[in-house]
Amino acid sequence: MQIETAKKYVVEVYSDKGPLKASPWHLIGEFNSASQATEACKQIVDDFLYKSLERGLDAKALANQFLSYGDVPCINSEENFKLFDLYEYLNQKCIEITN
């Protein structure tokens, strides 16, 4: 008898803001679907961008803010394909919210 287990999508962020001896990887959560995991990654990016948005900041400067100071989300799963392209989403979102 084979037991089927649901594939888990684990979302973590890389953050170098913690103590030097601590791991820079922090667990955000485990999700049952790729779309849930992708939405969690988008929310991490969105939260940073909206908190960092200043009057007059263009898309390129906002993206640079994130790349310099933001926590980097990633999805780990049993499947080895790209579920979330951080750079593509970041550029798209920065253009969207600065126009």
Partners of [X] by side-chain contact (heavy atoms from CB on, under 4.5 Å), sequence neighbours excluded?
X: L90; result: V45, L49, A63, F66, L67, C94
X: D47; result: Q43
X: D58; result: K60, A61
X: S35; result: S33

#### Entry: Hydrophobic cluster identity match, I75 and V10, side-chain contacts under 4.5 Å
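The answer is no; the residues belong to distinct hydrophobic clusters.
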### Message
Grouping I, L, V, M, F, W and Y whenever their side-chain heavy atoms are under 4.5 Å apart, do Y50 and I95 come out in a common cluster?
### Response
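Different hydrophobic clusters.
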### Task
State, to 0.1 Å, how close S77 and Y9 come at their nearest heavy-atom pair, and which atoms those are.
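Looks like CB-CD2, 3.5 Å.
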### Task
Please check if atom OH in Y87 has more than 12 non-hydrogen atoms from other residues, nucleotides or ligands closer than 6.0 Å.
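Counting other residues, nucleotides and ligands, OH of Y87 stays at 12 neighbours or fewer.
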### Query
About how many Å separate CG of L53 and CG of L62, when rounded to the nearest 0.5 Å?
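Atom-to-atom, L62:CG and L53:CG are 6.0 Å apart.
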### Query
Quick one: CG on L83 to CG on D85, what's the gap to the nearest 0.5 Å?
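Nearest 0.5 Å value for the CG-CG distance: 11.0 Å.
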Please report, to 0.1 Å, the donor-acceptor pairs under 3.5 Å made by any side chain of residues 18-30, with sequence neighbours excluded.
residue	atom	partner	partner atom	Å
S23	OG	W25	N	3.2

### Query
What residues, two or more places apart in sequence or in another chain, satisfy side-chain hydrogen bond (donor to acceptor under 3.5 Å, both in side chains) together with E54?
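Partners of E54 under the side-chain hydrogen bond (donor to acceptor under 3.5 Å, both in side chains) test: none.
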### With E12 via side-chain hydrogen bond (donor to acceptor under 3.5 Å, both in side chains) - residues at least two apart
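E12 satisfies side-chain hydrogen bond (donor to acceptor under 3.5 Å, both in side chains) with N76 once adjacent residues are dropped.
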### Message
Using the rule given for side-chain contact (heavy atoms from CB on, under 4.5 Å), can you reason through C41 versus L86, listing the C-alpha separation, both sets of side-chain angles and the distance that settles it, and then say yes or no?
### Response
CA-CA 8 Å; C41 290; L86 171 64; over 6 Å; no
### For Y89, ring-ring contact (aromatic ring centres under 6.0 Å, His included) partners two or more places apart
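In terms of ring-ring contact (aromatic ring centres under 6.0 Å, His included), with neighbours along the sequence ignored, Y89 is linked to F84.
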### Task
With sequence neighbours excluded, give me every salt bridge (Lys or Arg N to Asp or Glu O under 4.0 Å) pair touching residues 67-77.
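Checked against salt bridge (Lys or Arg N to Asp or Glu O under 4.0 Å) - neighbours excluded - the pairs reaching residues 67-77 are K17-D71.
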### Query
Got L57 and T98 here, is their nearest side-chain heavy-atom distance under 4.5 Å?
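Heavy-atom side-chain distance check fails, nothing below 4.5 Å.
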### Pairing residues for E39 by the salt bridge (charged side-chain N to carboxylate O under 4.0 Å, His left out) criterion, not counting sequence neighbours
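By the salt bridge (charged side-chain N to carboxylate O under 4.0 Å, His left out) rule, E39 matches K42.
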